There are 4 protein chains.
Amino acid sequence: MKTSTFEKLTEDKQIAILDAAAGVFAQKGYFQAGILELCTATGISNGAMYKYFENKQGLYITVARRTMELLQTAANRMAAGQMNIWQRMQRILEEVVPFTTLYRDYFIVYMDLGSPSMDIFAAELSDDFERQSFVFFCRLIEEARLNGEIRPGIATETAAYFLDNHLMLFAFSCVSKHYDRRFHQYFAKDAELLESDQKIRLIMQSFRQLLG
Amino acid sequence: MKTSTFEKLTEDKQIAILDAAAGVFAQKGYFQAGILELCTATGISNGAMYKYFENKQGLYITVARRTMELLQTAANRMAAGQMNIWQRMQRILEEVVPFTTLYRDYFIVYMDLGSPSMDIFAAELSDDFERQSFVFFCRLIEEARLNGEIRPGIATETAAYFLDNHLMLFAFSCVSKHYDRRFHQYFAKDAELLESDQKIRLIMQSFRQLLG
Amino acid sequence: MKTSTFEKLTEDKQIAILDAAAGVFAQKGYFQAGILELCTATGISNGAMYKYFENKQGLYITVARRTMELLQTAANRMAAGQMNIWQRMQRILEEVVPFTTLYRDYFIVYMDLGSPSMDIFAAELSDDFERQSFVFFCRLIEEARLNGEIRPGIATETAAYFLDNHLMLFAFSCVSKHYDRRFHQYFAKDAELLESDQKIRLIMQSFRQLLG
Amino acid sequence: MKTSTFEKLTEDKQIAILDAAAGVFAQKGYFQAGILELCTATGISNGAMYKYFENKQGLYITVARRTMELLQTAANRMAAGQMNIWQRMQRILEEVVPFTTLYRDYFIVYMDLGSPSMDIFAAELSDDFERQSFVFFCRLIEEARLNGEIRPGIATETAAYFLDNHLMLFAFSCVSKHYDRRFHQYFAKDAELLESDQKIRLIMQSFRQLLG
DNA sequence: GATGAATGAGGCTTCATTCAT
DNA sequence: TATGAATGAAGCCTCATTCAT
């Protein structure tokens, strides 16, 4: 039972290190992030870095895993509560904002993971999160359907994929200029900068218009 | 008025070079692609490379610009024709497949451009394509609305953003394992590998269910 | 009078440590052997390593010293007995085999010590062994000469150096592919793998032919 | 037919580089020789180093190959002439001295190659030289036997191996303190420093005493 | 005395870019 | 203009050694 040196640190320290590393990875991307830079940011020495993690890749994977955990946890929290589908989606969208604020760096790492050049990490990273969010949205729709909250004639997957896409791209827009601009193009032609809650209102309208 | 040496090449040669470069960038990503590798792939010498382009970034931007042109051209071609909205969307989706096959490498470059670490190129690259696809989808919906092809009560932007998202993520799924898996999770739980036309059928169902 | 911590260990432990270290040094050579590797092999902690020995070089020298002691001891044992020169040489050669088997690692360390890049250790290591083996062979020859066992007209040093060389290179050949190949080239052209006792027979023939 | 960048240099330059590299390798050994040190010594930049050779190992192997060539050439030159065996051996020994002086560094590299930790290079380096020196000595003995220059009753291999060993160890002694000390112990007990020609005289005496 | 975490200099190698031909 | 050799900064990683516990 060989616990790596990193795992022996207090959880606080571990998190502090991963947070700092996530910051660097978010700002520069995996390939542009230098080991020395990561050392400075995390406040650990070059040598310690390689005691804690096998590799730069090892560090990145650990950060990515924490990313998944955070998403998972957040998703679970968002999923709670017994309201109707509109209230639940509203709440979920509202939770996205603090999440992408608080865990901005991790979320950017998550975005990057979708990019083709990051496929090298696919093997090392489970996609539990994606799987569970699929389950979650399907269930959400099913329940809503039972409660007559959504129009009939809509397949569960159709609706679930729609919600998931919208949520994902909203979250992306909270963190990436590119996706923010895209969102604005559709919903705020006139260059006014949308507040998050305005965005949410618009998204909720979409939901209601297409599903309600 | 400094015409770069590259522009003096025959267009065929220019395209051949950019194609080859796109291949390398697609496979390895911008940062992992080495200049020498790009030289070998494009068949031009190290020295010529720096005569043709200011530097690696210059080459990348040229590739990215061609990417945008190709997308633009394809979009224009897709947009043509005077059918009803379902036929048009069907046709657009069907065009996505050969496009992402023929210009696979360019399309991967396009995907990468959305990733946060590529923001460094944002300034150099116009987002005409995104702007025009916005215009296109809005117009499409407006016309469909006039023809009574879509349900009333749906805001133009809502529907246009919905179509655009779906289209984008479908195209992504043609090229990226990550997005393909995501699509399958929703529409083909039981691991069977979907052919493109099956995917298209499913997407068209979504469109009809939510907009029709 | 500072007795190092190492010397306070039981002799068994000391030997076990040196044996393990010799194993690593033999396999990788001094420069390629890592301290951590040596720690693992010897079963002592990184910290203890530096309590026991001043540094890596200190450990190596201790191993080298034990090497010399072992050679010395073996040589003394081999030298015993009151037979004629041929019997004695035969016996010595026969003892070489178990020695280079049992103390293979130490003997490889000994070989390495002859290599120019190990001259840095020359100052720290007495050459008692070499001196004594010189004395031994000279005496052996002198006695043989008195007993009329060797041809007249051969200077003592000539014969002694000859025996020593042969013995040394035989021992090398027991442990090093390079010297084994060399031996085979001369005495077993036809690629058959010689057993040690065959080698010994051939060497004894040499002795008899040149000295007898 | 891809000629490496190194091979495009003038032969003089190539040799100058290898000479300088051999100097560093001889002084410090393969593992202790640093790339930067090798760059400085050879007068080529870090970058060029890796254009010329795949590796530090690649450079070393090139040096080692030149070593073998030099030995080969020297051996061929030494082998020439139609004298009796004593004159020929005398001449060979006499040639050893300028060779180990002129090509001292290469010869030290050659010595190092026999050490167990250099076995990693065995695969890359042919042992043509060793093979040919075997052939050479056997032939030498055979001819001498025909001319009645050596005692009857001595097997060819016995004598050839004897000559080869003596020659090798003499050459070693020209270059290595360790082997020089060993030689002196046998032939110059009284610490007087032997000149090369004195050594040669002693060796020739050995030859005559044992073979003549 | 023993442990093993921490250190940081230094190792080898890559790579974008420049420059002589 | 075209070539490809040369450059050297910077990258990732290892390792002998020190030091706090």
Side-chain angles (χ1 to χ4, degrees), chain A residues 2-9 13 31-40 43-59, chain B residues 4-6 8-9 30-40 43-60, chain C residues 4-6 8-9 30-40 43-60, chain D residues 2-9 13 31-40 43-59:
Chain A
K2 191 179 54 181
T3 19
S4 99
T5 312
F6 180 65
E7 284 159 6
K8 286 186 199 153
L9 298 176
K13 257 189 189 153
F31 295 110
Q32 288 302 94
I35 283 284
L36 263 59
E37 198 175 3
L38 287 160
C39 287
T40 312
I44 63 188
S45 75
N46 194 342
M49 184 86 257
Y50 282 85
K51 280 271 191 325
Y52 289 174
F53 308 98
E54 200 184 344
N55 249 344
K56 181 175 161 183
Q57 171 162 344
L59 168 60
Chain B
S4 95
T5 318
F6 179 65
K8 287 186 195 151
L9 298 176
Y30 174 71
F31 295 110
Q32 290 301 92
I35 281 282
L36 264 61
E37 197 177 3
L38 288 159
C39 288
T40 312
I44 63 188
S45 76
N46 192 346
M49 185 87 254
Y50 280 83
K51 285 276 195 293
Y52 291 173
F53 308 98
E54 199 184 344
N55 50 26
K56 183 174 161 185
Q57 174 162 343
L59 168 60
Y60 188 73
Chain C
S4 97
T5 317
F6 179 64
K8 287 187 197 151
L9 297 177
Y30 174 70
F31 295 111
Q32 290 300 93
I35 280 283
L36 264 60
E37 198 177 1
L38 287 161
C39 288
T40 311
I44 63 187
S45 75
N46 191 345
M49 185 86 254
Y50 281 83
K51 285 276 195 294
Y52 291 173
F53 308 97
E54 199 185 343
N55 51 26
K56 183 175 160 184
Q57 174 162 342
L59 168 60
Y60 189 73
Chain D
K2 191 179 54 181
T3 19
S4 98
T5 313
F6 179 65
E7 285 158 6
K8 287 186 199 149
L9 298 177
K13 258 191 187 151
F31 295 111
Q32 287 303 92
I35 283 285
L36 262 58
E37 197 176 3
L38 287 160
C39 287
T40 311
I44 63 187
S45 75
N46 194 342
M49 185 85 254
Y50 282 85
K51 281 271 189 325
Y52 289 174
F53 308 97
E54 200 185 342
N55 250 345
K56 180 175 162 184
Q57 172 162 345
L59 168 60

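All chains are named by letter (A, B, ...) in the order of the sequence lines, taking the proteins before the strands, and each is independently numbered beginning at 1. On a predicted model such as this, the values are computed, not experimentally measured, just so you know. All values below come from the heavy atoms of this structure, side chains included, with hydrogens, waters and symmetry mates left out.
Scanning residues 45-52 of chain C for heavy-atom distances under 4.0 Å to DNA chain F yields C:Asn46, C:Tyr50.
For the residue pair B:Lys51 and B:Thr5, the shortest heavy atom distance occurs at O-OG1, 3.4 Å. Taking all atoms of both residues into account, the shortest heavy-atom contact from D:Glu37 to D:Gln32 is OE1-O, 3.9 Å. Taking all atoms of both residues into account, the shortest heavy-atom contact from C:Ala33 to C:Leu38 is CB-CD1, 4.4 Å.
Put simply, CG on D:Leu36 is 12 Å from C1' on F:dA9, counting in whole angstrom units. Whole-Å rounding puts the A:Phe53 CZ to F:dC12 C1' distance at 16 Å. In this structure, the CG atom of C:Leu59 is 13 Å from the C1' atom of F:dA16, given to the nearest Å.
Looking at which nucleotide of DNA chain F each of D:Leu9 and A:Gln57 is closest to, the 5′-most match is held by D:Leu9. If you find the closest nucleotide of DNA chain F to B:Ile44 and to A:Asn55, the one lying nearer the 5' end belongs to B:Ile44.
Under the ring-ring contact (aromatic ring centres under 6.0 Å, His included) criterion, B:Phe53 pairs with B:Phe6, not counting sequence neighbours. The side chain to side chain contact (heavy atoms under 4.5 Å, CB included) search around C:Asn55 returns C:Tyr50, C:Gln57, not counting sequence neighbours. The salt bridge (Lys or Arg N to Asp or Glu O under 4.0 Å) check on C:Glu54 picks up nothing, with sequence neighbours excluded.
A distance of 7.0 Å separates CG in D:Leu59 from CD1 in D:Ile35, rounded to the nearest 0.5 Å. Taken from SG in C:Cys39 to CD1 in C:Ile44, the straight-line distance is 6.0 Å, to the nearest 0.5 Å. With rounding to the nearest 0.5 angstrom, the NZ atom of A:Lys13 is 7.0 Å from the OH atom of A:Tyr52.
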(request) Whenever both distances are under 3.5 Å in a Watson-Crick or G-U wobble pair, mark it; put DNA chain F into dot-bracket that way, with [ ] for crossing pairs and | when the partner is on another strand. (result) .||||||||||||||||||||

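Using a 4.0 Å heavy-atom cutoff across all strands shown, A:Ile35 reaches sugar-phosphate atoms only and no base atom.
For DNA chain E, the span of nucleotides reached by chain B at under 4.0 Å from its heavy atoms goes, 5' to 3', from E:dA16 to E:dT18.
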(message) Evaluate C:Tyr30 against C:Lys56 for side chain to side chain contact (heavy atoms under 4.5 Å, CB included), listing each step before the verdict.
(response) CA-CA 9 Å; C:Tyr30 174 70; C:Lys56 183 175 160 184; 3.8 Å; yes

